Amino acid sequence: MSSLPLVLSMGDPAGVGPSITAAAWQALKSDSELTFYVIGAPQLYRKHCPVQEIAAPEDAAAVFGAALPVLPVGPMPEIIPGKPNEASAPFIVSAIEMGVAHVRQGKASGIVTNPINKALLYSAGFRHPGHTEFIAELCRPEGGEPIRPVMMLTGGGLKVALATIHQSLASVPASLTQEALMELGSIVHSAMKSDFGIAAPRIAFTGLNPHAGEGGAIGLEEIDIINPAAATLRSRSINISNARPADTVFAEALSGAYDAVIAMTHDQGLIPVKTLDFWGGVNMTLGLPIVRTSPDHGTGYDAAAAGTARPDSLIAAIRSAAMVAKNRKTA
């Protein structure tokens, strides 16, 4: 294999990360183009699949076909599936830091992050709003400006970026600005070209209000904020629509009218993706200098305890990361 391997961070070891990582290896071990290694504790995976400890990322390719390559993260405490252990928090963080460093150092082609429990990490001093923001800070050049990461969910034939994420609906209107939407539109446009290989992307904004505000009769955000942002982006040669009614724009995208949709709220964007592909959706982070994807689900403690976790989303995330890394390399 001439390409670099992907790196997986272990995520919360008491969650589904270990079992779905092992299942993903079982599904992909015969495809050298999808070689990956995981930064974690070897004992987490031994009950699920053959394991081979490695000393460095470059060792992964030689063992991937026969065993899951694991780069040890440190002396992990005892882990019981389904029972989060605060003592594991430093190792969860370290696995992410190491994985990002490997990609930035050119030792891995991208990182696929297994799910974490932010509340568990907060108890150990973690001070970032979330997983994505932490990775963006790790990628920030020394003395450079903060990086704005963009969440995009893919699945069911849709690519949906989010203008707002984990905040109350009541707070959304005040947080939407023309400047932020213009920045978001530019990031999505660039990512469609570099990450997905779409030479002339077509993007749609959703409206915030029902029927995209109906000309101001059901709200003014479309007239005052969204449409002016779209007009400015079009003046910069970005093919993006004015606010489209959210109840029809996803069907328009599926019919081929748009390559990506930018939704104004979390649920507005995620409901269609998860309805069309509940198990296989992928969370992709746009706007980073590195490739990063993750499964579109959480730690799944109950599934970890019961041994019922499905690896579909992680497998899709690995395939997506490999695709983006290949597209960026050839761009």
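This structure is a prediction, so every number in the text was calculated from the model and none was measured.
The environment of CG in Asp224 is crowded: more than 12 heavy-atom neighbours from other residues, nucleotides or ligands sit within 6.0 Å. Within 6.0 Å of atom CD in Glu78, 12 or fewer heavy atoms from other residues, nucleotides or ligands are found, so the atom counts as exposed in its surroundings. Environment of CD in Glu145: sparse, with no more than 12 heavy atoms of neighbouring residues, nucleotides or ligands closer than 6.0 Å. More than 12 heavy atoms of other shown residues, nucleotides or ligands fall within 6.0 angstrom of atom OH in Tyr301.
When side chains are defined from C-beta on, Lys107 does not count as touching Leu4, because their heavy atoms never get closer than 4.5 Å. Annotation: side chain of Val100 is in contact with side chain of Cys139 (closest heavy-atom distance under 4.5 Å). No side-chain heavy atom of Ser19 sits under 4.5 Å from any side-chain heavy atom of Tyr45. Within the 4.5 Å cutoff, side-chain heavy atoms of His297 are placed close to those of Val16. Side-chain contact check for Arg310 versus Phe278: every heavy-atom pair is 4.5 Å or farther apart. Counting heavy atoms from C-beta on, the side chains of Pro201 and Asn239 never come closer than 4.5 Å. Contact annotation: the side chain of Leu254 approaches that of Leu158 to within less than 4.5 Å [non-hydrogen atoms, C-beta and beyond]. Two residues are said to be in side-chain contact when any heavy atoms from C-beta on lie closer than 4.5 Å; Ser320 and Val112 fail this criterion.
At a threshold of 4.5 Å between side-chain heavy atoms, the hydrophobic network of Ile, Leu, Val, Met, Phe, Trp and Tyr places Val249 and Ile203 in two separate groups. Following chains of ILVMFWY side-chain contacts shorter than 4.5 Å, one can reach Leu6 starting from Met98, so the two form part of one hydrophobic cluster. In this structure, Val103 is a member of the same hydrophobic cluster as Leu138, with clusters built from ILVMFWY side-chain heavy atoms closer than 4.5 Å. Side-chain heavy atoms closer than 4.5 Å link hydrophobic residues (I, L, V, M, F, W, Y) into clusters, and following such links, even through other members, never connects Met284 to Leu162. Residues Ile238 and Ile226 share a hydrophobic cluster, clusters being chains of Ile/Leu/Val/Met/Phe/Trp/Tyr side chains in contact below 4.5 Å.
Pro77 and Phe91 get closest at one heavy-atom pair: CD-CE1, 3.9 Å. Between Ile92 and Asp12 the shortest heavy-atom distance is CD1-CA, 3.9 Å. Residues Ile147 and Ala136 approach most closely at CD1-O, 3.8 Å, considering heavy atoms. Closest heavy-atom contact between Leu181 and Ala229: CB-CB, 3.9 Å. Of all heavy-atom pairs between Leu314 and Pro295, the closest is CD1-CG, 3.9 Å. Residue Gly185 comes nearest to Ile262 through the heavy atom pair CA-CD1, 3.9 Å, listed as atom of the first residue, atom of the second, then distance.
Residue Val282 forms a side chain to side chain contact (heavy atoms under 4.5 Å, CB included) with just one option from Asp312, Asp277, Thr293, and that option is Thr293.
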Point to revise | Check against side-chain contact (heavy atoms from CB on, under 4.5 Å), Ser3 and Glu33 | key: CA-CA 7 Å; Ser3 58; Glu33 294 300 313; 4.0 Å; yes

**Study point:** Working for salt bridge (charged side-chain N to carboxylate O under 4.0 Å, His left out), residues Glu133 and Arg140
**Key:** CA-CA 10 Å; Glu133 292 84 357; Arg140 180 179 179 180; over 6 Å; no

Practice item. For Ser186 and Arg236, run side-chain hydrogen bond (donor to acceptor under 3.5 Å, both in side chains): C-alpha distance rounded to whole Å, both residues' side-chain angles, the deciding distance at 0.1 Å, then the answer. Key: CA-CA 9 Å; Ser186 296; Arg236 300 173 182 173; 4.8 Å; no

Check your understanding: Where do Ser88 and Ile79 land on the side-chain contact (heavy atoms from CB on, under 4.5 Å) test, with the steps shown first?
Key -> CA-CA 8 Å; Ser88 68; Ile79 298 297; 4.1 Å; yes

Exercise for review: Check the pair Val291 / Ile111 against side-chain contact (heavy atoms from CB on, under 4.5 Å), numbers first and verdict last.
Suggested key: CA-CA 6 Å; Val291 175; Ile111 183 169; over 6 Å; no

Exercise for review: Quick one: do Asn209 and Met264 satisfy side-chain contact (heavy atoms from CB on, under 4.5 Å)? Show the steps, please.
Suggested key: CA-CA 9 Å; Asn209 299 296; Met264 294 300 116; over 6 Å; no

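Judged purely by distance below 3.5 Å, without hydrogens or angles, the side chains of Glu222 and Asn242 never pair a donor atom with an acceptor atom. A donor-acceptor contact closer than 3.5 angstrom is absent between the side chains of Thr232 and Gln178. Arg202 and Ser241 are not linked by any side-chain donor-acceptor pair at a separation below 3.5 angstrom, with hydrogens and angles left out of the test. With hydrogens and angles left out, the side-chain atoms of Ser168 and Ser171 include a donor and acceptor closer than 3.5 Å. No hydrogens or angles considered: nothing links the side chains of Ser294 and Asn114 as a donor-acceptor pair under 3.5 Å.
Considering OG of Ser194 and NE2 of His189, their distance stands at 10.0 Å, rounded to 0.5 Å. Note: Asn283 CG to Thr154 OG1 = 8.5 Å, rounded to the nearest 0.5 Å. Distance OG1/Thr113 to CE/Met10: 13.0 Å, rounded to 0.5 Å. Rounded to the nearest 0.5 Å, atoms CD (Glu179) and CD1 (Ile225) are 9.5 Å apart. Separation of atoms CE (Met182) and CD1 (Ile187) is listed at 12.5 Å; rounding is to 0.5 Å. Separating the CG atom in Leu28 from the CG atom in Leu68 is a distance of 11.0 Å, to the nearest 0.5 Å.
Salt bridge Arg46/Glu53: present, at least one basic N to carboxylate O contact under 4.0 Å. Arg328 and Asp195 are joined by a salt bridge, as a carboxylate oxygen and a charged side-chain nitrogen come within less than 4.0 angstrom of each other.
The aromatic rings of Phe134 and Phe126 sit perpendicular, their planes meeting at an angle over 60°, well past the 30° parallel limit.
Under a 3.5 Å cut-off, the side chain of Gln268 and the backbone N or O of Gly207 do form a donor-acceptor pair. For the pair Thr330 (side chain) and Lys326 (backbone), a donor-acceptor distance under 3.5 Å is present. The main-chain N or O of Ala67 is found under 3.5 Å from a side-chain atom of Trp25 such that the two form a donor-acceptor pair. Of the possible donor and acceptor atoms, none in the side chain of Arg244 sits under 3.5 Å from a partner among the backbone N and O of Glu252. The main-chain N or O of Ala243 is found under 3.5 Å from a side-chain atom of Asn227 such that the two form a donor-acceptor pair. In this structure, Ser175 contributes its side chain and Val172 its backbone to a donor-acceptor pair below 3.5 Å. No donor-acceptor distance shorter than 3.5 angstrom exists from the side chain of Thr21 to the backbone of Pro18, with no hydrogens or angles considered.
Between Tyr37 and Phe64, a ring centre-to-centre spacing not shorter than 6.0 Å is recorded.
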